[in-house]
Every structure is written in structure tokens, then in C-alpha cells.
Amino acid sequence: MASRMVLFQPTLGGYLVFPTLSEHLRRAAYPLYEMRQFARPEYSEGKTGDIHYFNRIGRVTTLVGPIGEQEQGVPLPVPTISRGSVVIEDYLAFMEFTERLERFAEWDVQEIIIESLKFNMAHNLDYRVAQVLKQTPVKAVPSSASSTVFDTDGTPPQAGYAGFKSAHLKDIADYFRLVLQVPPYDGTNYVGILHGAGIRSLYDEVTDAFLKYTSPDVFFRSEVGSWYNVRLVQTNNPDALSPAAGTGTNKPPEGIFLAADPIIEVISIPEEIRSETVANTFGRIKRIGWFFSGAWALTWDTVGPGECRVIHFTSG
């Protein structure tokens, strides 16, 4: 059972009725939607438990030469069509408080709860997006300070190096371009989301390049710079990305790298704040919670040319 905000326990609400010491409330901070900002929304009329399908069209790479006056053109194969799917699920969390606390508090109890719920909702939904992104079959593992090993079966080997360097970033960008052959996220640049430990390691190596970064038209949330045509976003959400990923001796900071259209967010009911009175309490106990109905899926979970759009920097 969740804790309830009450009048008689100071840390659970009682402090709100003490004589006012300051006109400001101090809040603990949360990262806000650093992962979710890269999800492409699709709206669905499906209900909880329904399957949402989406189609994926493969590419046709047949080379065509010039034709003569009496010759016919080159017949092309029909593009392969595959189907992805995801199950719609509900997410709900709430807080309880008593009518007595609300009556005697010097602060607006409902406002405090709603703001806390908004932060918690952002933290949780961002975590869900990160978990799906990390399901990509392509794993990048640092074998040394200057080399990277790529694995495409979803089970990375243990790392031989514990940091993140410019060589690793270049290897990942080149793997996107030359092996996976997928377009950059914004048409020019790929995106890398790194735990702050990885950003610091890279920054120490290429500080000047960061300082010369030209501001884009629109910054991503928590964007800190660009290097080798990869726009870098920093997160301090340890539930989403670990500062030391893996089980071996060498644990590099975790990162997620994105090409164009990496993840789909299916929205059945957009996130919202809901309230209710607890049954059989005659209005003396109230609940306020956040609710979201939807799901997330990798746009491509295969590694054929032009397909996989996510690389997970990690260790086994």
C-alpha cells in the first residue's frame, strides 16, 4: 500500500501545516523526457490488450542502366513488406491524501501532488522508451580506447574498455552509414544519448570541437553538442542508462544511438492526471494519479541493409 499524505506525520504532509518559513517550495529534480522526445507518435483507437500493427517496406536496390530505342526497361522485384506489432498496455500511479491535511495545510496539497506526479510520469515513460530502444539487436561494445566490436544478435560480449571515446562514436556513426546504410536522424546528423559519465569522458578528449558547435535551429532536450555528425544528448537518469553497464570488470557508460525513425510510440489514451475519492471514506481520503495507455516498439528489429535504426552502446 502506498504511503498516504496525512496531518500527523511531518515528512508525509504534516510539515505543510507548520508556520510558513519561506514562500518557496523546493523540489527534488527529475530528468524530463530525454528519451521520449525521439519517439514517433501513432494514435490508436485500440483498447488495453489490443494489438497495434504497423507495416514496414523493404528497399529495392536493383541497379538500372540506360535502355536503347527498342529495348525494354529493367523489371524490378516487388519490395518486401513486413509487419511489426505491439500490445497496448495501461500505466497508472497515484498518491493519497486526507481531507484533514488539505483543510489545514498552508500550501495547496493537490498542486504539490500534481507536480510530483508529472515528474514521476516523465521519469517512468522515459524509462519505458529506453527499455525498448535497448532491445535493438545491434550492440556496440568497446574493446579498447580506440576500437569497437559490433554484435547483431542482441547479446553483447563483455567490454575490454570502461570508457567512451571519440573512436567509439566514429565507429558507431560509420556503422550506421556503411553497414546498416540508414539515414541520419535529422537528415544530416545521427543522435547519441549518453549517460553523463560518457559525455564527460568524450568532452575531456574533444573539448574544442564541442566549443565550436554551431547551434541548430532547434535543440533537443538536454543536447550538449555535436561531434562527427552525431548530435549528443546527456541524461542523468540512471534507470534509463547506466553509468557503468555490464557484469564484467570493464563497465562502460551506457548509450543509445539513433538513426531516422528509430521508435514508434502508440498512444491509445494520452498521459493525463486523474482524481477520485476513495470508496467508503465519505470523501475523507482522496487520490490523484497519472494514467497513460499505449506502447512502444522499435520501427525495425532486423539488421538488413536500410533497416535497424538503433545501436546500443553497452557491455555483456
Side-chain angles (χ1 to χ4, degrees), residues 30-46 48 50-57 82-93 118-138 154 172 176 180 182-195 216-224 230-242 254-272 290-302 306-314:
Y30 287 77
L32 290 177
Y33 292 141
E34 290 154 345
M35 308 288 174
R36 197 179 177 210
Q37 64 182 320
F38 299 107
R40 173 171 59 82
E42 286 192 7
Y43 294 90
S44 171
E45 296 181 357
T48 305
D50 287 351
I51 300 176
H52 179 87
Y53 295 99
F54 54 94
N55 290 332
R56 300 174 295 209
I57 310 299
S82 62
R83 171 173 284 187
S85 66
V86 66
V87 177
I88 295 174
E89 297 179 302
D90 293 343
Y91 299 87
L92 171 67
K118 287 180 180 178
F119 285 126
N120 180 262
M121 177 171 58
H123 186 83
N124 272 275
L125 297 186
D126 229 33
Y127 166 77
R128 292 294 170 183
V129 173
Q131 293 304 106
V132 172
L133 288 170
K134 288 190 283 188
Q135 292 174 10
T136 177
V138 180
I172 291 170
F176 268 141
L180 296 177
V182 290
Y185 183 86
D186 64 2
T188 304
N189 303 281
Y190 297 100
V191 170
I193 311 170
L194 285 163
H195 188 277
D217 294 335
V218 178
F219 274 104
F220 298 129
R221 184 177 291 112
S222 300
E223 184 174 356
V224 296
V230 178
R231 294 173 65 174
L232 293 162
V233 173
Q234 175 178 258
T235 182
N236 63 335
N237 183 343
D239 292 324
L241 292 179
S242 171
E254 197 171 20
I256 295 172
F257 292 81
L258 310 175
D261 195 18
I263 184 172
I264 295 171
E265 178 179 77
V266 179
I267 301 173
S268 176
I269 300 176
E271 62 270 30
E272 60 187 24
W290 63 262
F291 177 81
F292 173 79
S293 182
W296 298 268
L298 294 171
T299 308
W300 293 88
D301 53 8
T302 50
E307 296 176 352
C308 185
R309 309 300 175 91
V310 183
I311 295 176
H312 181 199
F313 185 80
T314 186

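In this chain, numbering begins with 1 at the start of the sequence shown.
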Do [X] and [Y] make a side-chain contact, defined as non-hydrogen atoms from C-beta onward lying under 4.5 Å apart?
| X | Y | value |
| --- | --- | --- |
| L298 | R309 | no |
| I267 | F292 | yes |
| Y33 | M121 | yes |
| V182 | C308 | no |
| K134 | I256 | yes |

query = Going through the distances and angles, do R128 and E89 end up as a salt bridge (Lys or Arg N to Asp or Glu O under 4.0 Å)?
reply = CA-CA 12 Å; R128 292 294 170 183; E89 297 179 302; over 6 Å; no
What is the minimum heavy-atom distance between [X] and [Y], and which atoms define it?
| X | Y | result |
| --- | --- | --- |
| Q234 | E34 | O-OE2, 3.6 Å |
| N189 | D186 | N-OD1, 2.5 Å |
| S242 | H195 | O-CB, 3.8 Å |
| T136 | V310 | OG1-O, 2.6 Å |
| I193 | L241 | O-CD1, 3.4 Å |
| R36 | D126 | N-OD1, 2.7 Å |

request  = Report the relative orientation of the aromatic rings in F176 and Y190; use parallel for angles under 30°, tilted for 30 to 60°, perpendicular for over 60°.
outcome  =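 F176 and Y190: parallel rings.
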message = salt bridge (Lys or Arg N to Asp or Glu O under 4.0 Å) for R40 and D261? Distances and angles first, verdict last.
response = CA-CA 7 Å; R40 173 171 59 82; D261 195 18; 2.7 Å; yes
